[in-house]
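Since the structure comes first, as structure tokens, the remarks are kept for the end.
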Amino acid sequence: MTFKKTIKKFTIIISIFVFTIELLEARTVYLSPCAMAIDKEGKTLYVAEASAKKVAVLDLASGKVTKNISVSDEPSGIAIAPDGSMLYVTIAAPEGVVDVVKLPKGKVIDSIDTGHTAVAPVLSPDGKMLYICNRYNNNVGIIDLASRKQIATVPVIREPFAMTMTQDGKFLLVANLLPAGATDGEYAAASVSIIDTAAKKVCVEIKLPNGSTSLRGICISPDGKYAYVTHTLSRYQLPTTQLERGWMNTSALSIIDVTEKKLLNSVLLDDVDLGAANPWGVAFTADGKTICVAHAGTHEISVINKDELHAKLEKVARGEKVSDASTTAADVPNDLSFLVGLRKRLKLAGNGPRGIVIAGTKVYAAEYFTDTIGMIDITSEARPEPQSIALGPKQELSVVRKGETYFHDADFCFQRWQSCSTCHPDARVDALNWDLLNDGIGNPKQTKTMLLSHKTGPAMISGIRESAEIAVRKGMQFIQFVVRPEEDAVAIDEYLKTLKPIESPYLVKGRLSPAAKRGEKLYKEAKCATCHPSSSFYTDMNRYNVGTGIGSEKDKEFDTPSLVEIWSSAPYLYDGRSVTMEEVLTKHNAGDKHGKTSDLKPEQIKDLAEYVLSL
Ligand code: HEC
Ligand code: HEC
């Protein structure tokens, strides 16, 4: 055989090999549509596909994907320039960017540097400025599109996730995903920050009702008078003995009076005997008459008559009784029948609707777990037939993907009140305390993250469950009140085992900052590593009394928590009394029972905190 022939043969073998690998890869890539934007004519839908790292261009007339645009990393949101010439795509990565995509070609022509996990792009009315949420930096980035630079950031409360702007461009309304305060008190809830765009500052912080968490969507009425925020309204102060009538978690729409800059009221999206879990995207029809909400946990769209909703709210505000449960405005957030007669619940054909857009009378929903776009015409008959437009070939679900789907699915819960992700959003924390019954009643505990749970048993802060596997099965049985086959639990285990830590926003280009480096030394000196060793996810998996127990938990031993990604799960200690890391090391460490910190100077405490928050 000649040399040339050998090379040729070799090349063929390599090509076959590469092709096979590509095929295998292609088989396991899901698309995960999460957010969308629609052009002015309502003809083309641009779909951010998180897992595929692509933006699909969907021609609505033919129902066909005409183009797939590869973007820098996972896309999380899309905005279209007012003249339709560009797309701005936020990218969820530790070093986040906004990809600038030129239309109609669909070519990425630039990437603008932003913060950690950019999401929710909003353009100013003149199309000159772009605002984005830097989710894990807890700020809103302001991008000047002429220079394509992030020119300023405005600090907000915690994990800004959704955003909208008043028509005059003067104010931005930012939905903070999670509560930020201590959780051992009487009030814990997330809020909406209103930013004055000229002053580049938050001018008002609107506190939502007690237990508000997981703020996922926000929109403004076309007349600019009201903003609407979707969220979970948790009844975290009650022991988790049952689910009936929204005993644990309800789903809400909070209405903000934009001119007055205050909360008008919060209405529940559930029905008396049927939850509408995990409300996500919210949007208005162009005529301003109808509000639509996607329910990611129950795979539905709520279609709400806006005028009737406001008429009823005004009536009850005047002191008129509007239903058995609502005689005053203060009753409304607890009234599961408030929307009866003014809302339709429409089932979608796909699974896990997140972002929604409306074109005319058609509502489109990004169905995350089925790689489809759901469509419902809200004017047609009482129960319109939902359609699902496939964004790609139907994929076989792996066990891991099944587990992810189940974790987010409230169909598996008694009366669909909640999914696992209702308390563990993004498989992490809702930043609330819950009085689960596994360790007795009357001793609420902070929700724990699912990250590394399967590698750092026992589970629960008390260590009462031998392993995460047991905690998963007990969660199904005693929190969702259902009996499910063992293979469903196995799938959830497999999904949770694949979770990867999110890079800490305290790192500088992926490395410890100088302060964190100084803190690393102190970490050893203060003996933190004896119980939180770096060799095993910063936990030795043993129980200790570190002097933190109070009340019924006095002198109790707790299971040493892992400190990996601890920056994301504030507040701290079993009851969430410590808002900051510094407080864990000072105020709540009497007698040096929890590491030797009393001899550290304030700057050293800061350095140590910075190190721990960098893990
Ligand atoms: C009502 C809120 C709520 C819901 C819903 C919920 N959990 Fe939890 N979960 C918690 C709280 C609170 C803790 C921590 C309790 C403690 O430490 O004592 C926890 C802890 C856990 C743990 C242990 C973590 C560790 O490493 O210690 C696992 C695993 C878990 N949950 C899985 C699930 C699964 C699976 C579901 C769905 C079937 C679910 N949870 C639904 C509130 C909830
Ligand atoms: C004797 C073992 C031990 C030592 C030493 C120790 N820890 Fe802990 N740590 C624990 C236990 C047990 C808890 C749970 C306490 C609670 O929740 O009230 C905990 C909780 C924490 C938490 C809160 C975690 C959460 O999810 O809320 C942080 C942060 C922390 N430790 C950091 C440190 C640092 C920093 C040091 C060194 C100054 C240290 N620990 C020393 C055992 C220890």
Side-chain angles (χ1 to χ4, degrees), residues 234-236 240 243 248-249 277 403 406-407 410 412-413 417-424 427 429-430 432-436 438-439 443-465 467-480 482 484 488-489 492-493 495-496 519 522-532 538-540 542-550 553 556-563 566 569-578 581 584-585 588-589 592-597 600 605 608-609 611-613 615:
S234 297
R235 317 283 158 163
Y236 68 93
T240 57
L243 280 164
M248 283 190 223
N249 277 303
Y406 301 160
F407 192 83
F412 293 111
C413 175
W417 289 104
Q418 60 194 8
S419 62
C420 305
S421 70
T422 304
C423 296
H424 300 286
V429 300
D430 57 2
L432 294 173
N433 282 5
W434 288 95
D435 194 4
L436 304 187
N438 53 40
D439 57 349
N443 50 358
K445 302 279 158 40
Q446 266 276 290
T447 301
K448 293 195 79 183
T449 175
M450 299 291 94
L451 180 68
L452 295 170
S453 180
H454 285 74
K455 295 213 172 89
T456 59
M460 306 298 174
I461 191 68
S462 54
I464 200 151
R465 302 286 184 220
S467 66
E469 280 83 355
I470 294 175
V472 166
R473 285 148 187 79
K474 299 290 178 188
M476 293 168 153
Q477 197 182 345
F478 297 117
I479 301 182
Q480 297 200 296
V482 283
R484 285 166 66 184
D488 290 7
I492 292 179
D493 289 334
Y495 158 58
L496 296 178
L522 297 166
Y523 186 82
K524 291 190 187 109
E525 286 165 24
K527 303 272 183 281
C528 310
T530 50
C531 304
H532 299 284
Y538 299 88
T539 165
D540 65 357
N542 284 323
R543 282 171 245 189
Y544 301 96
N545 169 9
V546 288
T548 49
I550 44 180
E553 307 300 279
K556 281 250 168 87
E557 291 187 339
F558 294 112
D559 175 42
T560 306
S562 162
L563 299 181
I566 194 79
S569 57
Y572 303 113
L573 301 179
Y574 72 89
D575 58 356
R577 83 186 78 137
S578 256
M581 190 55 70
V584 175
L585 305 170
H588 302 300
N589 187 18
D592 280 349
K593 283 184 107 174
H594 187 197
K596 200 166 172 312
T597 55
L600 298 180
I605 292 285
L608 177 54
Y611 171 67
V612 178
L613 291 167
L615 297 175

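Each ligand, and each atom within it, is numbered from 1 in the order the structure gives.
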>> Has Thr560 got a side-chain atom pairing as donor or acceptor with Thr539's backbone, closer than 3.5 angstrom?
In response: no

> Sequence neighbours excluded, which residues qualify as salt bridge (charged side-chain N to carboxylate O under 4.0 Å, His left out) partners of Lys445?
Replying inline: Asp439, Glu553

> Does ligand 1 have any atom that is closer than 4.0 Å to a heavy atom of Leu436?
Replying inline: yes

> Which atoms of ligand 1 sit under 4.0 Å from any heavy atom of Thr447?
Replying inline: 11 (C), 12 (C)

> Is there a side-chain contact between Lys448 and Ser569, using heavy atoms and a 4.5 Å cut-off?
Replying inline: no

> When only distance counts, is Met460 in polar contact with ligand 1, meaning an N/O pair under 3.5 Å?
Replying inline: yes

>> Please give me the minimum heavy-atom distance between Asp430 and Thr422, naming the atom from each residue.
In response: CB-O, 4.2 Å

>> List the residues meeting salt bridge (charged side-chain N to carboxylate O under 4.0 Å, His left out) with Asp435, not counting sequence neighbours, and say none if there are none.
In response: none

>> Regarding ligand 1, does His424 bring an N or O atom to under 3.5 Å of one of the ligand's N or O atoms?
In response: yes

> Judging by distance only, is a nitrogen or oxygen of Ser453 under 3.5 angstrom from one on ligand 1?
Replying inline: yes

> To the nearest 0.5 Å, what is the distance between NE2 (His454) and CG (Asp493)?
Replying inline: 3.5 Å

>> Can you give me the closest heavy-atom contact between Leu563 and Leu615, atom names plus distance?
In response: O-CB, 3.6 Å

> Can you name the residues that come within less than 4.0 Å of ligand 2, going by heavy atoms only?
Replying inline: Ile461, Ala526, Lys527, Cys528, Thr530, Cys531, His532, Tyr544, Val546, Thr548, Phe558, Thr560, Pro561, Leu563, Ile566, Tyr572, Leu573, Tyr574, Met581, Leu585, His594, Gly595, Thr597, Val612

> Is there a donor-acceptor contact under 3.5 Å linking the side chains of Asn545 and Glu557?
Replying inline: no

> Against heavy atoms of Cys423, which atoms of ligand 1 measure under 4.0 Å?
Replying inline: 1 (C), 2 (C), 3 (C), 4 (C), 5 (C), 42 (C), 43 (C)

>> Under the rule for salt bridge (charged side-chain N to carboxylate O under 4.0 Å, His left out), what residues qualify as partners of Asp575, not counting sequence neighbours?
In response: Arg577

> Without hydrogens or angle criteria, can the side chains of Asn589 and Thr597 be said to hold a donor-acceptor pair below 3.5 Å?
Replying inline: yes

> Which ligand 1 atoms, with their elements, are less than 4.0 angstrom from a heavy-atom of Gln480?
Replying inline: 37 (C), 38 (C)

> Counting only heavy atoms, which portion of Ile479 has something under 4.0 Å from ligand 1: side chain, backbone, both, or neither?
Replying inline: side chain

